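Every chain is numbered from 1 and lettered A, B, ... according to where its sequence line falls, protein lines coming before strand lines. None of the values given here were measured: they were computed from a predicted structure.
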Amino acid sequence: MPEGHTLYRLAADLSAAFTGQRVEVCSPQGRFVDGAAAVDGHTLDGAESAGKHLFISFDNDWIIHVHLGLIGGLRIEEGRPAEPLGAVRLRLVGRSAYADLRGAITCELIDAGARATILARLGPDPLREDGEPGKAFDRIAKSRKPIGALLMDQSVLAGVGNVYRAESLFRARLNPMTPGGKVSRRRWDALWADLVDLMDHGVQTGRIDTVRPEHDPEAMGRDARVDDHGGEVYVYRRTGQACHVCGSRVKTAVLEGRNLFWCPACQRRR
DNA sequence: TCAAGATGATCAG
DNA sequence: TGATCCTCTTGAT
């Protein structure tokens, strides 16, 4: 379930659970044995996220770089570690908690230089205080690609995934196929501010709620849907159902290899 | 029991 | 653009 807010939360939770502790590091699955051995028994200095990337730093200058991809997951549990269940790529064991990583697309050992290279590839992250929306706008304004594709491009904007893409565009009443160059600076700034707000809420609650009483009291309770991912949404995975706002049927199409959802009436192309 | 799909990204052609 | 990788859950058979 990883979009940027998930990684941000994980970094905070990992830091809270393990920072300053000597941790046991292993790879029960066997696919990260050498990397785990390089930091096993060392003190964990902290964890941070950037977009959908997670960096776990150790006192011997090695960093574990994790990208969960579509299906990866990292769970932190209290107490002594249980027998590993399933394919646990990486396990961290601290004084009173342990963490298991499964299904990640990337789990590798890197140094500070490689970390800097990864960060340099990423666009601004709405969750980071140093995120500069103007940098993303420079790319968007020059592009003829649809805004629905640009939002998913991590070199344009880091941390936004398929749910935030669909929902933020709906809330902006912006058609996903609108070319980047046709999006005004004013609309982009509003979209960015909304993403900051939505993703910050995601960090606080651990779920993606975009239909919220303070934003849209009328939509709440009318036909609000709690999606399987655990949040209340306007269009995401609501194909064929009535739009909460206008009643039109929510449409879907594949864009950038992922399912895109939008309301053809509220997000009419201008 | 098996196949499909899922909040992602990369690489070859 | 399509194939591929990673794991788990859900729904069809």
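The distance between atom CE of Met152(A) and atom P of dT10(B), rounded to the nearest whole Å, is 13 Å. For the pair Leu255(A) CG and dT1(C) C1', the computed distance is 13 Å after rounding to whole Å. In this structure, Arg121(A) places its CZ atom 10 Å from C1' of dT10(B), rounding to the nearest Å. In this structure, His53(A) atom NE2 and dT10(B) atom P are separated by 7 Å, rounded to whole Å. Atom CG of Leu151(A) and atom C1' of dT7(B) are 14 Å apart (whole Å). As a whole-Å value, the separation of Leu70(A) CG from dA3(C) P is 17 Å. One interatomic measurement links the two molecules: CG of Leu54(A) to C1' of dA9(B), which rounds to 16 Å at whole-angstrom precision. Rounded to whole Å, the distance from CZ on Arg237(A) to C1' on dG5(B) is 9 Å.
By the 30° and 60° cut-offs, the orientation of the rings of Tyr164(A) relative to His5(A) is perpendicular. By the 30° and 60° cut-offs, the orientation of the rings of Phe261(A) relative to Tyr236(A) is perpendicular.
Panel note: side chain Asp125(A), backbone Gly51(A); a donor-acceptor pair is recorded below 3.5 Å. Formation of a donor-acceptor pair under 3.5 Å by the Gln267(A) side chain with backbone atoms of Cys263(A) is found in this model. Side-chain N or O atoms of Arg187(A) include one that pairs as donor or acceptor with a backbone N or O of Ala172(A) at under 3.5 Å.
At a threshold of 4.5 Å between non-hydrogen side-chain atoms, the residues Arg22(A) and His42(A) do not count as touching.
The side chain to side chain donor-acceptor pair (under 3.5 Å) contacts involving residues 132-142 of chain A comprise Arg139(A)-Ser155(A), where partners must be two or more places apart or lie in separate chains.
Between Lys52(A) and dT7(B) there is no side-chain N or O to OP1 or OP2 distance below 4.0 Å. The phosphate of dA6(B) has OP1 or OP2 within less than 4.0 Å of a side-chain N or O from Asn259(A).
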Point to revise | Nucleotide pairing, DNA chain C (Watson-Crick or G-U, distances under 3.5 Å), in dot-bracket with [ ] and | | key: |||||.||||||.
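In this structure, Arg89(A) fails the cation-pi test against Phe32(A), since its NZ or CZ atom is not both closer than 6.0 Å to the six-membered ring centre and inside 45 degrees of the ring normal. Seen from the ring of Phe137(A), Arg185(A) counts as a face-on cation partner, given the 6.0 Å and 45° thresholds.
On the P atoms, dT10(B) is 23 Å away from dC8(C), given to the nearest whole Å. The gap from the P atom of dA4(B) to that of dA3(C) amounts to 14 Å, rounded to the nearest Å.
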Where do N or O atoms of nucleotides 7-9 of chain C meet protein N or O atoms at under 3.5 Å, pair by pair?
from   : atom 1 : to        : atom 2 : distance (Å)
dT7(C) : OP1    : Gln29(A)  : NE2    : 2.5
dC8(C) : OP1    : Arg102(A) : NE     : 3.3

